[in-house]
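Heads up: the structure comes next, in structure tokens.
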Amino acid sequence: MAGVFDLELTEEGGQTEELSDDEYFETDEANGRQQEYGGDGLPNEEIMETLELSAQTVNPSNIRKIGRESFEIVSLLGKGGYGKVLLAEMLDENRKKYDPPRLYAMKVLKKATIARNQKDTAHTRAERNILEAVKHPFIVDLHYAFQTDGKLYLILEYLPGGELFTHLEREGIFMEDMASFYLGEILLAIEHLHTLGVIYRDLKPENVLLDSKGHIKLTDFGLCKESISLGDITHTFCGTIEYMAPEIVQRSGHGKAVDWWSLGALMYDMLTGQPPFSGENRKKTIDKILRAKLSLPPYLTNEARGLLKKLLKKNPSDRLGSGPDDAAPIKSHPFFRHTNWQDLVNKRIEPPIKIGVTSAYDVSLFDTKFTKQTPCDSPVDMSVFSPSMNIFDGFTYVAPSVLADLATQPWISERGPRSPRKSYKAESFMLNNGLEGFYQANAATAYEIASQRNRGNAPSHAPTTVVASSKAVNGYDMEDMDTTGGATAAPTVPTHSGRRSCTID
């Protein structure tokens, strides 16, 4: 009968006191006392304070409602087809500025543009949900989300250090110790997303921002895929071509390993001045991603060369980080031999780049193409969008970190050359023929290469096809997907390089 009767022993070996079925005690740590409940489940009114539920107690008047009128536009930081990113300053109830100023990055999205396609709506919701759920030192914070009849607003942490792309452009290339610092922080952010079942899918220098002290923050989650476990795959064609893994290009199904390919492409970019596979046009870029052998400059150390080779494996099952341990084997690679991961995640290591801004309003580290424009939150033509549509219900959000404070107060396109970095360009993928033309132009290239491989004409390192899954993509069954409509891009605001990320379902 061993194991049938479980005995619970105290540390002292003594007996434990049993509470009767008629009463139990719940510890009140704040007051250092016990609160007694009777058998009827009701509290002892002599000990516990009761509060009547009313509109005032549930929604107290001293909780300020945050909306568009709570912010004043300071500067334009970025702009795209779906909306724009603005530097916004929060005002108090009397429309006065706080001291010190409270600055945020306000991402404004047009409902009418997003609502044209179900998948764009799904991507927008996914971005907002991920930003709410994910809290990490190296991921941008969402403070508020609200909407008007015609627009969606995401009020994000403002990062005055600008894009990593800007600093790469200024430096030319990073030394390996400098690259290892930023790659380490990025790796920790991606690892955290993976533990939550999220694939990032758009890692590139433009989506890595620096805070006021020089630490990185991942931003722009419009291309993320949620609820992906080990072994699960999805099929959305999305990302930025120079950093896109072979299995995405082939549309053969992809999982979390695509983020580690992108990390390798970003590492190569940092150390050499350009991504590992880039051509004069999209066809040549795709061809190189699928077929070209990785070329490594002779000045790279053995540690850097070794990590690049393992991250940029065309077969995802051979790629470092593709196994059940995810980021662990990457973190233990000799390239990161000098990295103390505990100190890194706690921001105890001094960043190599110093952010030299002169004031809280200094936007000099953002592209002057935008910052020199007169900032405005333009009106919306409501004739093209009905406010009665409920597709954005539940969008509103206030971060718990600011809720207590409130209670106490009355997207694939051309990329220009980086000088003095190596010059290259990739032709825009945003075609005028709609989704069908987009898909034919890219799928034909991948199909041609795959056919050559099957005939024995392709090199042995060509990527292995991953078996496609019948799982729904981004919440939609494959049978329901529109493959003839207009080309759609995820609701992400393009950066100053002009390069967009896009998603084709």
Side-chain angles (χ1 to χ4, degrees), residues 66-68 80 82-83 85 104-148 151-157 159 188-203 207-209 217-230 232-236 238-239 254-256 258-259 389-403 411 471-477 480-481 488-493 501-503 505:
I66 301 299
R68 174 62 187 85
Y82 280 82
V85 176
Y104 299 91
M106 175 187 284
K107 187 170 184 177
V108 188
L109 304 172
K110 300 175 184 177
K111 285 184 178 180
T113 309
I114 297 169
R116 292 172 187 166
N117 186 283
Q118 282 184 318
K119 296 165 193 67
D120 290 339
T121 305
H123 284 303
T124 303
R125 280 194 167 278
E127 177 176 21
R128 176 245 180 268
N129 293 340
I130 290 169
L131 284 169
E132 176 185 352
V134 176
K135 304 300 175 188
H136 190 269
F138 304 131
I139 294 177
V140 67
D141 290 327
L142 173 67
H143 292 278
Y144 309 96
F146 53 85
Q147 59 181 302
T148 61
K151 294 183 179 180
L152 301 172
Y153 292 84
L154 293 171
I155 307 301
L156 304 162
E157 175 184 12
L159 301 166
L188 291 173
I190 296 293
E191 178 186 37
H192 183 67
L193 290 174
H194 286 185
T195 62
L196 301 177
V198 175
I199 312 178
Y200 185 57
R201 299 198 297 193
D202 199 20
L203 181 60
N207 284 347
V208 180
L209 300 184
K217 292 263 188 174
L218 279 191
T219 187
D220 205 337
F221 292 82
L223 297 188
C224 285
K225 174 64 178 176
E226 301 173 279
S227 305
I228 296 293
S229 303
L230 180 66
D232 290 347
I233 58 174
T234 184
H235 297 81
T236 305
C238 64
H254 61 270
K256 295 179 181 179
V258 298
D259 286 336
M389 300 175 70
N390 328 334
I391 58 175
F392 298 108
D393 280 356
F395 189 83
T396 303
Y397 169 77
V398 178
S401 59
V402 299
L403 191 58
W411 233 265
K471 284 180 172 287
V473 179
N474 291 327
Y476 300 97
D477 293 330
D480 298 332
M481 289 189 178
T488 59
T492 58
V493 179
S501 304
C502 91
T503 172
D505 291 304

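Quick caveat, the model's predicted, so the values are computed rather than measured. In this chain, residues are counted from 1 in sequence order.
Applying the side chain to side chain contact (heavy atoms under 4.5 Å, CB included) test to Ala105 and every residue at least two apart in sequence or in another chain returns Val85, Leu156.
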> Should Val134 and His192 be marked as a side chain to side chain contact (heavy atoms under 4.5 Å, CB included) after you check the CA-CA gap, both sets of side-chain angles, and the distance that decides it?
Replying inline: CA-CA 8 Å; Val134 176; His192 183 67; 3.7 Å; yes
> Going through the checks in order, is the side chain to side chain contact (heavy atoms under 4.5 Å, CB included) test met by Leu193 and His136?
Replying inline: CA-CA 9 Å; Leu193 290 174; His136 190 269; over 6 Å; no
>> side chain to side chain contact (heavy atoms under 4.5 Å, CB included), that's the test. Do Glu157 and His143 meet it? Break it down for me.
In response: CA-CA 7 Å; Glu157 175 184 12; His143 292 278; 4.0 Å; yes
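In plain terms, the two heavy atoms of Val198 and His194 that are nearest each other are O-CD2, 3.2 Å. Heavy atoms only, all atoms of each residue included: Phe138 and Ala189 are closest at O-CB, 3.7 Å.
With rounding to the nearest 0.5 Å, the separation of CD1 in Ile139 from CG in Leu218 is 6.0 Å. The CG atom of Leu142 sits 9.0 Å away from atom CD of Glu127, with the distance rounded to the nearest 0.5 Å. Distance check: Arg68 CZ to Gln147 CD gives 15.0 Å after rounding to the nearest 0.5 Å. The distance from atom CD1 of Ile155 to atom CG of Leu131, rounded to the nearest 0.5 Å, is 12.0 Å. Atom CG in Leu152 sits 9.0 Å away from atom CZ in Arg125 (nearest 0.5 Å). A distance of 8.5 Å separates CG in Asp141 from CG in Leu159, rounded to the nearest 0.5 Å.
Note on Glu191 versus Lys256: no salt bridge recorded, every NZ/NE/NH1/NH2 to OD/OE distance being 4.0 Å or above.
A donor-acceptor pair is defined here as one N or O able to donate and one able to accept, closer than 3.5 Å; no such pair exists between the side chain of Asp202 and the backbone of Gly239. Asn207 places no side-chain N or O within 3.5 Å of a backbone atom of Leu203 that could act as its donor or acceptor partner. At least one donor-acceptor pair closer than 3.5 Å links the side chain of Lys217 to the backbone N or O of Pro137. Side chain of Arg201 to main chain of Leu223: a donor-acceptor pair is present (N/O by atom type, distance under 3.5 Å, no hydrogens or angles).
Relative ring orientation between Tyr104 and Tyr144 is described as perpendicular, the plane-to-plane angle rising above 60° on a 0-90° scale split at 30° and 60°.
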